[in-house]
Amino acid sequence: MKLLYLGDVVGRSGREAVIAALPRLKRELGADVAVVNGENASHGFGLAPDMADALFAAGADAITLGNHAWDRKEIIPYIAQQKRVIRPLNFPPGTPGDGVVDITLPDGRRVLIAQVMGRLFMDPMDCPFRALEGVLARVRLGVTHAAIMVDFHGEATSEKMAFAHRFDGAVTAVLGTHTHIPTADHHVMAGGTGFMADVGMCGDYDSVIGMTKEAAIGRFIRKMPGERLHPTEGEATVCGALIRIASDGRALAVEPVRLGGRLAPAMPSR
């Protein structure tokens with residue numbers, strides 16, 4: 001099995017690039033499942049229902065969110081109906097939506113996608129470790145599910161790496177989002193869990209993590225609230241990772257995906 005994961009989609013340029021590239025990527029890479037992080041898709045903050053529909057139409061099997069999950073209020077009733085959009089699992093009990101989605105492939109194999117959010121340098125949250133432990137008490141890699149992928153949405157690479165080591169062998173992959181910068185640490189851990197601290201954003205890299213340079217620079221220099229940040233609209237780089245998965249659900253390889261825009265390209269072989 002192959003699972004394709006695309007990182008934070010930022011603004012119009014990121015949306016358009018992903019919608020254009022995803023059908024081709026799924027076809028050329030032979031991906032059985034495609035997941036997209038959409039929490040920055042709407043002007044850099046949140047996800048609107050029509051944008052989620054467009055990503056699904058392009059071939060996304062699931063969409064993850066993050067700390068900007070509720071920036072577009074229209075997503076609240078939408079997420080209650082559209083179970084393929086998930087928010088972090090470790091939001092407090094009673095939060096709308098769910099933190100996991102169960103996907104059944106045409107051949108009957110089941111794939112579980114989960115998302116957790118980190119607590120270092122982030123908003124206060126329930127424990128991501130305990131949240132996933134609760135899920136894994138009900139499912140088992142290679143028995144109930146052919147693959148289990150976790151999107152860890154967080155700032156600190158140490159927290160992401162500790163999380164991946166804690167669940168090494170129990171999940172197929174832990175892939176990081178939120179920092180918008182692709183890391184070079186993609187590898188398979190000793191127990192067979194694939195890891196990459198951040199798969200990067202799908203957006204314009206002639207920017208400050210997808211936002212206009214002048215406004216972002218001004219905030220650092222003046223240390224005062226400035227104009228609202230807006231996504232840049234230049235050519236986007238589509239960034240993500242492809243996970244090759246063995247029959248027992250463990251990862252065989254983690255390979256970066258980078259297409260278009262300003263970053264050096266990286267494309268796995270089929």
Side-chain angles (χ1 to χ4, degrees), residues 1-10 14-15 17-19 21-41 47 52 55-56 58-66 84-89 99-103 105 111-117 132 141 145-154 160 163-164 167 171-189 193-203 236-245 249-259 263 266-268 270:
M1 183 190 299
K2 296 178 186 176
L3 186 150
L4 175 65
Y5 188 63
L6 300 183
D8 306 62
V9 178
V10 181
R15 293 197 314 270
V18 168
I19 289 168
L22 187 53
R24 169 194 161 191
L25 287 172
K26 287 188 74 173
R27 181 178 65 254
E28 294 186 358
L29 297 178
D32 300 282
V33 181
V35 184
V36 177
N37 184 292
E39 73 137 9
N40 300 119
L47 175 69
L55 291 170
F56 286 132
D61 296 292
I63 299 173
T64 60
L65 296 172
R84 292 191 292 158
V85 176
I86 62 172
R87 44 74 174 170
L89 179 66
V100 297
V101 60
D102 208 320
I103 299 168
L105 300 182
V111 177
L112 187 77
I113 308 298
Q115 183 182 46
V116 298
M117 192 151 72
L132 188 63
L141 184 65
H145 287 76
I148 300 172
M149 193 279 282
V150 183
D151 167 1
F152 193 112
H153 196 76
K160 294 176 179 180
F163 186 90
F167 296 104
V171 301
T172 305
V174 174
L175 301 176
T177 56
H178 179 67
T179 71
H180 294 199
I181 302 299
T183 56
D185 59 342
H186 47 281
H187 68 287
V188 178
M189 292 182 161
T193 291
F195 177 71
M196 188 171 180
D198 204 294
V199 301
M201 71 172 178
C202 298
T237 303
V238 173
C239 285
L242 182 75
I243 312 298
R244 299 180 188 268
I245 305 169
R250 289 172 172 79
L252 296 170
V254 181
E255 300 173 81
V257 173
R258 293 190 302 273
L259 178 67
L263 300 191
M267 191 57 56
R270 182 173 180 131

* To do: State whether a side-chain donor-acceptor pair under 3.5 Å links Thr177 with Tyr5.
  => no
Report yes or no: does [X] contribute a side-chain atom to a donor-acceptor pair with the main-chain N or O of [Y] at less than 3.5 Å?
X	Y	result
Asp8	Asn40	no
Asp61	Val35	no
Gln115	Leu65	yes
Thr172	Met149	no
Lys2	Gly30	no

Does the side chain of [X] reach to within under 4.5 Å of the side chain of [Y], using non-hydrogen atoms?
X	Y	answer
Val174	Met189	no
Leu4	Leu242	yes
Thr179	Lys160	yes
Glu28	Met267	no
Leu3	Ile113	yes

Heavy-atom pair with the smallest gap, counting every atom of [X] and [Y]:
X	Y	value
Val101	Ala62	CG1-CB, 3.8 Å
Ala34	Gly59	CB-O, 3.8 Å
Met117	Gly66	SD-C, 3.9 Å
Ala52	Val85	CB-CG2, 4.5 Å
Val116	Val150	CG2-CG1, 4.2 Å
Ile245	Ala146	CG2-O, 3.9 Å

* Ring geometry between His180 and His178 (parallel below 30°, tilted from 30 to 60°, perpendicular above 60°) -> perpendicular
